[in-house]
Engineer: 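To start, I am sharing the structure in question, which I have written as structure tokens.
Numbers restart at 1 for each chain; the letters A, B, ... are given by sequence-line order, proteins then strands.
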There are 2 protein chains.
Amino acid sequence: MKAEALKGHLDGILLAVLEAGPRHGYAIMEALRVRSGGQVDLPTGTVYPALHRLERAGLVRASWSEAGGRRRRVYELTTAGRRALDTERGTWQDFSAAVTALLRPASPAASLP
Amino acid sequence: MKAEALKGHLDGILLAVLEAGPRHGYAIMEALRVRSGGQVDLPTGTVYPALHRLERAGLVRASWSEAGGRRRRVYELTTAGRRALDTERGTWQDFSAAVTALLRPASPAASLP
DNA sequence: CACTACATGTAGTATTACTACTCATTGATC
DNA sequence: GATCAATGAGTAGTAATACTACATGTAGTG
């Protein structure tokens, strides 16, 4: 399972990575790879547009920096971003509990009422 | 939390409902409402197209039936559908474990290496 | 008669994450 | 000295998904 779709929870995950401190896009991708044990390996075409989206939404703040002849765009959480992360954690709890319950085999049940 | 997006796991959930026995679309929506305690309340514009998709994919088999002057399209799992449901359960386990881990607060961490 | 529950469906839209590129620098390898 | 991998940022175009908002019709209840 490599490029597993994060399906709507990508934003929350990016915010969670940034909670630990400011990071640039490439570093975020690597942090995700490391923290997931290689399970989550996002392509740049997923991560960069997502960061721009979060920036437009005011959940992260970005600034250019330079290191070793390489320009980096460093992102950090805003207050709204922190709030959004809290909300997302709650949403995820509810969502995952609901899906887990629905996916669990039910009693073979009465079919047509 | 009402029309919560099932985000890519709708198909698996529909298959899980049908695992308990054949059902028609409307009954599936109701089963979902009941089994989720009202949390999951899908609009018809989500469920019917999804069922058609599953049928096209060969994961369910459909047939018309008549009850009380009402025509119903009754869906039941195929062998492929049963297999797909097993796969989806595994995928969900991995996926939810990964998201839960990534969403968990990390050590405040070194930022820019 | 009007309204609700039952029952199925479509058209059009917004969002999302993907593939497949482009561009540029640095450091290691041949 | 050339070439390649890693670092770093980005876009264009596409496919999939679930949504809103509608159309259509029957049965039963107040």
Side-chain angles (χ1 to χ4, degrees), chain A residues 1-15 22-34 40-57 59-60 62-75 88 91 95 98-99 102 112-113, chain B residues 1-15 22-34 40-57 59-60 62-75 88 91 95 98-99 102 112-113:
Chain A
M1 170 209 22
K2 284 294 107 169
E4 189 54 50
L6 276 318
K7 287 155 187 159
H9 302 283
L10 174 61
D11 290 18
I13 285 164
L14 294 176
L15 295 175
R23 270 196 181 69
H24 59 280
Y26 198 85
I28 291 172
M29 292 189 286
E30 209 184 340
L32 247 24
R33 244 188 329 261
V34 171
V40 174
D41 189 4
L42 275 355
T44 68
T46 292
V47 173
Y48 291 119
L51 288 170
H52 300 162
R53 198 199 307 152
L54 291 174
E55 193 182 0
R56 269 199 314 278
L59 305 183
V60 301
S63 55
W64 286 105
S65 85
E66 185 90 14
R70 267 159 184 133
R71 50 176 215 143
R72 292 166 166 179
R73 190 134 177 95
V74 176
Y75 295 90
E88 169 64 14
T91 304
F95 170 74
V99 174
L102 290 173
L112 305 181
Chain B
M1 167 209 21
K2 284 293 102 161
E4 189 56 49
L6 275 319
K7 285 153 188 159
H9 302 282
L10 175 62
D11 290 17
I13 284 163
L14 295 177
L15 294 175
R23 270 193 181 70
H24 59 281
Y26 198 86
I28 291 172
M29 292 188 285
E30 209 185 341
L32 246 23
R33 246 187 327 262
V34 171
V40 174
D41 190 5
L42 274 355
T44 66
T46 292
V47 173
Y48 290 117
L51 288 170
H52 299 162
R53 197 199 308 152
L54 292 174
E55 192 182 0
R56 268 199 314 279
L59 304 183
V60 301
S63 55
W64 287 105
S65 84
E66 187 91 9
R70 272 165 180 129
R71 46 173 219 145
R72 291 166 167 180
R73 190 133 177 97
V74 176
Y75 295 89
E88 170 63 15
T91 303
F95 170 74
V99 174
L102 291 174
L112 303 182

Engineer: Between A:Tyr48 and D:dA9, does any side-chain N or O lie under 4.0 Å from OP1 or OP2?
Structural biologist: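 It does, given that an N or O in the side chain of A:Tyr48 lies less than 4.0 Å from OP1 or OP2 of D:dA9.
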
Engineer: Say you draw a straight line from CE of B:Met29 to OG1 of B:Thr46; how long is it, rounded to the nearest 0.5 Å?
Structural biologist: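 Here the rounded value is 10.0 Å.
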
Engineer: Does a side-chain heavy-atom distance below 4.5 Å link A:Val60 with A:Leu14?
Structural biologist: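 Not in contact.
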
Engineer: Let me know the distance between CH2 of B:Trp64 and P of D:dT26, rounded to the nearest Å.
Structural biologist: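 Rounded to the whole Å, the gap is 14 Å.
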
Engineer: Between A:Gly45 and A:Gly69, who's closer to the 5' end of DNA chain C by nearest nucleotide?
Structural biologist: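 Of the two residues, A:Gly45 wins.
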
Engineer: Once you round it to whole Å, what is the distance between C1' of D:dG25 and OH of B:Tyr26?
Structural biologist: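 It works out to 14 Å between those atoms.
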
Engineer: Is the phosphate of D:dT7, meaning OP1 or OP2, less than 4.0 Å from a side-chain N or O of A:Arg71?
Structural biologist: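 Indeed not, no polar side-chain atom of A:Arg71 lies that close.
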
Engineer: Take B:Thr46 and A:Gly68, find for each the nucleotide of DNA chain C with the closest heavy atom, and name the residue whose nucleotide sits nearer the 5' end.
Structural biologist: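 Closer to the 5' end of DNA chain C: B:Thr46.
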
Engineer: Can you tell me whether the side chain of B:Arg70 and the base of D:dT26 have a donor-acceptor pair closer than 3.5 Å?
Structural biologist: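 Indeed there is one.
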
Engineer: Starting at CG of B:Leu51 and ending at P of C:dG9, how long is that distance when rounded to a whole Å?
Structural biologist: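 Result: 8 Å.
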
Engineer: Less than 4.5 Å apart, any side-chain heavy atom of B:Glu88 and any of B:Phe95?
Structural biologist: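 Side-chain contact under 4.5 Å: no.
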
Engineer: Please tell me if A:His52 has a side-chain N or O lying less than 4.0 Å from either OP1 or OP2 of D:dT11.
Structural biologist: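 For D:dT11, OP1/OP2 do have a side-chain N/O of A:His52 under 4.0 Å.
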
